[in-house]
Amino acid sequence: MYSSAYFTSCLTFFLSVFFSIVRGEWNTKDFLKREHTLIKPYYGSSIDIPYWQYIGSTMVTPNHIRLTPDLQSRQGAIWNSIPVTNRNWELQIQFKVHGKGKDLFGDGLAIWYVRDRLVDGPVFGSKDYFHGLAILLDTYSNHNGPHNHQHPYISAMVNNGTMHYDHDRDGSHTQLAGCEVKFRNLNHDTHLAIRYENDVLTVSADVENRKAWKECFKVEGVYLPTGYFIGASATTGDLSDNHDIISVRFYDLDLPDDPKAKEDRSQILPSATYFEPPRDHVDDPKPSAMSGIKIFLLMLFGSIVSVACVVIGIMFYQKHNEKNRKRFY
Ligand SMILES: *[C@@H]1O[C@H](CO)[C@@H](O)[C@H](O)[C@H]1NC(C)=O
Ligand SMILES: [Ca+2]
């Protein structure tokens with residue numbers, strides 16, 4: 001009896017380790033929370049999209065949510081109406097940015113985890129001096145001077161309400177990190193993953209139709225409160241593009257027995273301990289598709305744990321049996 005319980009828990013441990021390693025890829029093993037998720041068909045049985053509200057130029061069609069059309073001076077947004085109570089989560093966004101412009105297009109879109117929702121403003125169609133996290137998908141380079149990166153550019157900004165997003169510098173002096181991602185005018189689906197786990201923010205993209213995430217950046221020491229809202233917004237100015245959201249999926253990454261999960265994070269101010277120092281941007285994107293070595297090590301680790309489980313299990317079983325036998329003598 002004991003030995004089978006032991007063996008089960010040993011195997012459970014091994015499986016949970018295995019899946020947490022594999023998670024870097026498409027993580028369908030995590031728990032999808034419907035109240036923060038936006039998938040087709042957008043309209044349920046009612047005339048409202050369950051859990052979501054939209055403003056501005058946003059148009060909902062059966063196949064996408066168009067935040068802005070490919071026309072000048074538009075701005076639109078879609079906002080989740082339920083505050084996020086999870087401390088650890090991952091957002092996966094399927095989106096499409098496309099338009100007639102070959103060389104001139106803009107301005108871009110932003111994915112938000114912020115306090116104030118449904119407020120339009122100058123930061124890609126939403127509020128400046130915001131509280132929370134912005135992931136900015138900037139397609140137009142406003143910066144006239146020598147730039148240390150190209151566009152489209154994805155960056156992260158954490159704000160406690162005091163900082164201004166400076167378009168003239170493409171937000172470069174307030175960003176936590178960023179990377180170039182060529183996500184515009186592609187024929188296949190483009191995806192973005194924003195993972196926030198144990199105060200580590202990881203942003204990855206899949207724009208090469210590989211069904212695998214490629215890490216854009218990872219920043220430690222990012223402190224975000226619970227109770228904020230998820231949203232997406234976009235804007236066009238003199239230049240334009242269609243900015244479409246196809247789906248938003250929210251995965252709950254909280255572990256039930258994590259003592260840290262019990263800490264109340266609803267009242268903290270958003271902050272980040274690490275800011276990207278002003279320096280030349282050296283792009284070194286690491287492919288996150290599992291390398292042969294990683295798969296080999298994973299399998300090796302798996303076999304060692306399995307063998308250990310079996311050996312210790314048998315030892316336990318024998319000892320247990322000995323005890324039982326002794327009792328009869
Ligand atoms: C808000 O953030 C700014 C910039 O990081 C910082 O200087 C300031 O002290 C913060 N304010 C509070 C109240 O934490
Ligand atoms: Ca810009």
Side-chain angles (χ1 to χ4, degrees), residues 67-68 70 72-77 95 97-99 101 103-116 120-185 192 199 201 203 205 216-217 219-228 232-243 264-278 281 283:
L67 302 175
T68 76
D70 190 3
Q72 290 182 330
S73 305
R74 303 298 159 105
Q75 77 187 35
F95 67 103
V97 178
H98 57 113
D103 303 311
L104 291 172
F105 43 82
D107 291 327
L109 73 156
I111 310 298
W112 303 93
Y113 175 67
V114 287
R115 192 188 68 182
D116 305 312
D120 61 9
V123 186
F124 298 96
S126 194
K127 191 183 184 292
D128 199 3
Y129 300 100
F130 56 92
H131 285 76
L133 169 73
I135 303 297
L136 307 151
L137 287 75
D138 188 359
T139 48
Y140 176 66
S141 172
N142 301 68
H143 197 52
N144 291 323
H147 225 308
N148 49 18
H149 61 75
Q150 291 189 320
H151 283 74
Y153 189 71
I154 300 181
S155 65
M157 177 174 172
V158 166
N159 200 345
N160 62 14
T162 66
M163 277 188 287
H164 163 58
Y165 178 84
D166 187 357
H167 278 285
D168 292 340
R169 293 200 256 178
D170 290 316
S172 55
H173 68 302
T174 48
Q175 77 182 37
L176 298 185
C179 81
E180 294 164 22
V181 181
K182 300 269 176 277
F183 56 75
R184 192 182 170 274
N185 266 0
L192 182 74
D199 305 325
L201 173 72
V203 173
C216 175
F217 55 81
V219 190
E220 293 175 20
V222 175
Y223 303 97
L224 299 170
T226 52
Y228 279 12
S233 68
T235 190
T236 64
D238 290 342
L239 302 173
S240 64
D241 248 339
N242 297 297
H243 295 99
D264 181 12
R265 289 280 288 254
S266 61
Q267 300 305 320
I268 66 163
L269 268 182
S271 68
T273 51
Y274 173 79
F275 269 85
E276 198 171 54
H281 197 90
D283 232 359

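Just follow the structure's listing: the first ligand is 1, and inside any ligand the first atom is 1.
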For a distance under 3.0 Å, tell me if Y140 has an N/O/S atom near the Ca ion (ligand 2).
yes
Tell me whether D128 contacts the main-chain N or O of Y165 through its side chain, where contact means a donor paired with an acceptor under 3.5 Å.
yes
Report the C-alpha distance between T68 and H243 in whole Å, list the side-chain angles of each, state the deciding distance to 0.1 Å, and finish with yes or no for side chain to side chain donor-acceptor pair (under 3.5 Å).
CA-CA 5 Å; T68 76; H243 295 99; 2.8 Å; yes
S172 and D170: CA distance, side-chain angles, deciding distance, side chain to side chain donor-acceptor pair (under 3.5 Å) verdict:
CA-CA 5 Å; S172 55; D170 290 316; over 6 Å; no
Check each heavy atom of L269 against ligand 1 and say whether those closer than 4.0 Å belong to the side chain, the backbone, both or neither.
side chain
Does D107 put an N, O or S atom under 3.0 Å from the Ca ion (ligand 2)?
no
Would the distance check show the side chain of T174 and the main-chain N or O of M163 forming a donor-acceptor pair, the cut-off being under 3.5 Å?
no
Can you check whether I154 reaches I135 side chain to side chain, under 4.5 Å on heavy atoms?
yes
Atom 6 (C) of ligand 1: which of N160, V158, T174 has the nearest heavy atom?
N160
Between the side chains of D70 and S240, does any donor sit under 3.5 Å from an acceptor?
yes
D170 atom (N/O/S) at minimal separation from the Ca ion (ligand 2)
OD1
Close-contact set for ligand 1 against T162 heavy atoms, below 4.0 Å
1 (C), 2 (O), 3 (C)
Strictly under 3.0 Å, is the Ca ion (ligand 2) approached by any N, O or S atom of N142?
yes
